[in-house]
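Working notes for the structure below.
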Amino acid sequence: MGLINLISLNSKGDERGHLVAIEARNEIPFDIKRVYYIFGTESLSRGFHAHKELVQLAVCVKGSCTMLLDDGFSRESVILDSPFYGILIPKMAWREMHNFSQDCVLLVLASEYYCEADYIRDYQEFLIEVENAKK
Ligand code: TYD
């Protein structure tokens, strides 16, 4: 399986517009403890970290951005530009977000509460942790 795991989100659309529902342990394989959204990014890049335990689903509900994932062996990126799918970001994946459109709103569903200790913000440290996990 590749690094990019897109989850298709069904819209209950009708003549009144679209409605996308995401249920924990139904559309996504984790319980949701936290929701946040990123917007007004002024085209700067974000991310540049991995998480030891956190699993997330990111949905670009408006506009577009590029999500890059790196498992320590290879990196792949995908353009997120649709509210009809989300990208599953597993634990121990280095992520970078680039090319935010001005109107981009990136919704993120997270499996854990915010915890700075769960972050790996140094890429070399990330590679060492990946190596250690193999042992
Ligand atoms: P960070 O995760 O570093 O942002 P990004 O990866 O998108 O560049 O978070 C930016 C700041 O916001 C940082 O000071 C931590 C804080 N923050 C919270 O307080 N709660 C949260 O749920 C998140 C995601 C971040």
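For ligands, and for the atoms within them, numbers begin at 1 and follow the listed sequence.
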Check the pair Glu112 / Lys52 against salt bridge (charged side-chain N to carboxylate O under 4.0 Å, His left out), numbers first and verdict last.
-> CA-CA 11 Å; Glu112 305 294 337; Lys52 293 172 192 160; over 6 Å; no
Is it the case that more than 12 heavy atoms not belonging to Ile7 sit under 6.0 Å from its CD1 atom?
-> yes
Distance to 0.1 Å, residue and atom name: give those for the protein heavy atom nearest to atom 17 (N) of ligand 1.
-> Tyr114 CE1, 3.7 Å
Looking at atom 10 (C) of ligand 1, what's its closest protein heavy atom, distance included?
-> Arg46 NH2, 3.9 Å
Determine yes or no for a side-chain-to-main-chain donor-acceptor pair under 3.5 angstrom, with Ser111 supplying the side chain and Leu54 the backbone.
-> no
Taking only non-hydrogen atoms of His49 and a 4.0 Å limit, the atoms of ligand 1 in range are 2 (O), 6 (O)
State the atoms of ligand 1, each with its element, that fall below the 4.0 Å cut-off from a heavy-atom position in Arg34.
-> 21 (C), 22 (O), 23 (C), 24 (C)
Centroid separation Phe84 to His18 less than 6.0 Å | yes
May I ask you to check whether Phe126 and His51 place their ring centres under 6.0 Å from each other?
-> no
Lys134 meets the side chain to side chain contact (heavy atoms under 4.5 Å, CB included) criterion, sequence neighbours left out, with Phe73, Glu131
Test: Arg75 and Glu96 ion pair at under 4.0 Å = yes
Please check atom 12 (O) of ligand 1 for a protein heavy-atom neighbour under 4.0 Å.
-> no
Non-hydrogen protein atom less than 4.0 angstrom from atom 7 (O) of ligand 1 = yes
Less than 3.5 Å between some nitrogen or oxygen of Ile38 and one of ligand 1, yes or no?
-> no
Kindly confirm or rule out an N or O of Arg121 lying under 3.5 angstrom from an N or O of ligand 1.
-> yes
Whether Glu116 lies under 4.0 Å from ligand 1, heavy atom | no
Give a yes/no verdict on whether any heavy atom in Tyr119 is under 4.0 Å from an atom of ligand 1.
-> yes
